[in-house]
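Accompanying notes for the structure given below.
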Amino acid sequence: MTVSSRDLPTLGLEPPGRLRLSPLLRGLQEQAPVCRVRTPAGDEGWLVTRHAELKELLHDERIGHSHPDPVNAPRYVRSPFLDLMITDTDAEAGHRTHSEIRRLLTPMFSARRVREMEPQVAAVVDTVLDRFIDQGPPGDLHSGVSTPVALTVLCDIIGIPPHSREELMAKLARMALLGDRESVAQGRRELFGFVEGLVEQKRAEPGADILTRLSEGGLPEERVAPLGVGLLFAGLDSVVTFLDHGVMLLAEYPEQRAAALADPVAMTHAVEEVLRSAKAGGSILPRYASEDVEIGGVTIRSGDLVLFDFSLPNFDERAFTEPERFDITRTPNPHLTFAHGMWHCIGAPLARIELRTVYTRLFTRLPGLRLERPAEELRLLEGQLSGGLTELPVTW
């Protein structure tokens with residue numbers, strides 16, 4: 001059935017559901033694996049709704065960041081952060097650059113290096129929890145635990161000095177806003193200038209951090225600051241969101257929480273189930289086709305916008321039994337939260353350690369931790385890309 005441009009379903013920026021897809025997303029997933037939609041920005045694009053097709057396209061080098069006319073390329077939303085990802089290079093050159101960046105950064109997240117970082121992550125978590133618990137109940141776990149843990153670990157590995165982190169947070173929040181183009185553009189200039197200043201410092205005083213590797217890695221000068229900004233923006237937001245939502249889920253399912261706390265292997269599985277189920281849709285990154293692509297019974301034309309939602313396919317009944325059920329014993333658990341193939345998130349091993357460490361230490365030290373308000377009453381950020389919470393009030 002052909003859907004006219006005027007009748008296309010329109011994606012909104014509503015917060016993602018908890019363990020349940022919205023009727024719109026469930027309907028699109030049942031309708032077809034790749035659906036033509038209208039984006040919140042008002043442009044047309046293709047939403048990949050199912051697990052098998054997303055996994056296939058994540059291996060397809062015809063889908064990437066390149067567009068021949070970045071300024072006028074169709075958008076998912078108007079966002080300076082997402083605009084950073086659009087390049088005007090040809091697809092082959094774009095994939096070479098992507099591969100070069102991965103080769104440069106992957107050693108920072110090797111299995112050995114991440115294992116060596118576990119004591120450092122544990123020390124950060126214990127310090128943050130000491131301060132949070134000393135303040136007494138109730139408390140806001142979002143601002144008191146999730147954000148400082150994620151910020152400290154990320155800034156340590158990227159190379160942001162402690163005295164600059166408060167300023168960094170303010171600049172990141174300003175760049176995350178949607179709309180108010182002039183204010184956002186100013187925020188982008190300030191954030192880029194901030195990171196460029198740090199890179200200059202690393203050239204003078206190199207360290208064992210990502211900014212040093214970027215500054216010494218032979219990349220074009222103009223690529224270093226955008227890469228640093230992208231890593232900061234994506235890494236902080238995603239880890240904070242999963243820390244918050246994981247605590248909510250484990251607080252809601254005490255028997256599964258107890259099983260995870262009793263067995264490190266079960267906790268590892270619990271982390272994977274949190275990653276799979278914490279967000280039911282809404283984790284979208286835009287890509288573009290550099291050639292015509294046939295998939296799922298449709299033809300994606302060269303230059304078309306392709307929307308990869310890394311949480312929607314985690315609720316595909318073709319890949320998961322009872323996907324709307326939280327189950328830490330789920331095996332296998334081939335979620336696509338960290339993407340796959342050449343697009344797989346290189347920071348995934350570190351994020352997993354952060355989640356496992358926070359859940360284990362938090363619920364061990366505060367076994368009576370519970371939400372102060374029902375999960376359905378908690379507010380999510382509006383007017384920003386993040387689907388995260390504004391606060392997570394808890395008591396114990």
Any side-chain heavy atom of [X] within less than 4.5 Å of one from [Y]?
X	Y	answer
Ile63	Tyr288	no
Leu104	Leu214	yes
Arg165	Thr152	yes
Leu369	Val247	yes

Any donor-acceptor pair under 3.5 Å linking the side-chain atoms of [Y] with those of [X]?
X	Y	answer
Thr241	Asp244	no
Thr331	Asn333	no
Asp309	Ser283	no
Ser277	Asn314	no
Thr127	Asp130	no

Identify whether NZ of Lys or CZ of Arg in Arg36 sits under 6.0 Å from the centre of the six-membered ring of Trp46 and within 45° of that ring's axis.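 Judged by the rule (NZ or CZ under 6.0 Å from the ring centre, within 45° of its axis), Arg36 counts as positioned above Trp46.
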In terms of side-chain geometry, is the basic nitrogen of [X] or [Y] positioned less than 4.0 Å from the acidic oxygen of its partner?
X	Y	value
Glu252	Arg370	no
Asp292	Arg301	yes
Asp126	Arg131	no

Kindly give the heavy-atom pair with the smallest separation between [X] and [Y], and that separation in Å.
X	Y	answer
Ala280	Ser311	C-OG, 4.2 Å
Phe326	Gln256	O-NE2, 2.9 Å
Thr39	Thr10	O-CG2, 4.3 Å

For Trp396 together with Phe132, are the ring centres under 6.0 Å from each other? yes
Name the residue from Arg276, Glu273, Glu272, His340 that meets the side-chain hydrogen bond (donor to acceptor under 3.5 Å, both in side chains) definition with His335.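 Answer to the side-chain hydrogen bond (donor to acceptor under 3.5 Å, both in side chains) test with His335 among Arg276, Glu273, Glu272, His340: Glu272.
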Step-by-step side-chain hydrogen bond (donor to acceptor under 3.5 Å, both in side chains) determination, Glu294 to Thr299: CA-CA 5 Å; Glu294 302 275 350; Thr299 301; 2.8 Å; yes
Let me check something: do Leu58 and Phe320 share a hydrophobic cluster, defined by ILVMFWY side-chain heavy atoms less than 4.5 Å apart, either directly or through other members?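 Not linked; separate clusters.
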Intermediate values then yes/no, salt bridge (charged side-chain N to carboxylate O under 4.0 Å, His left out), Glu391 and Arg373: CA-CA 11 Å; Glu391 61 176 350; Arg373 298 202 301 271; 3.2 Å; yes
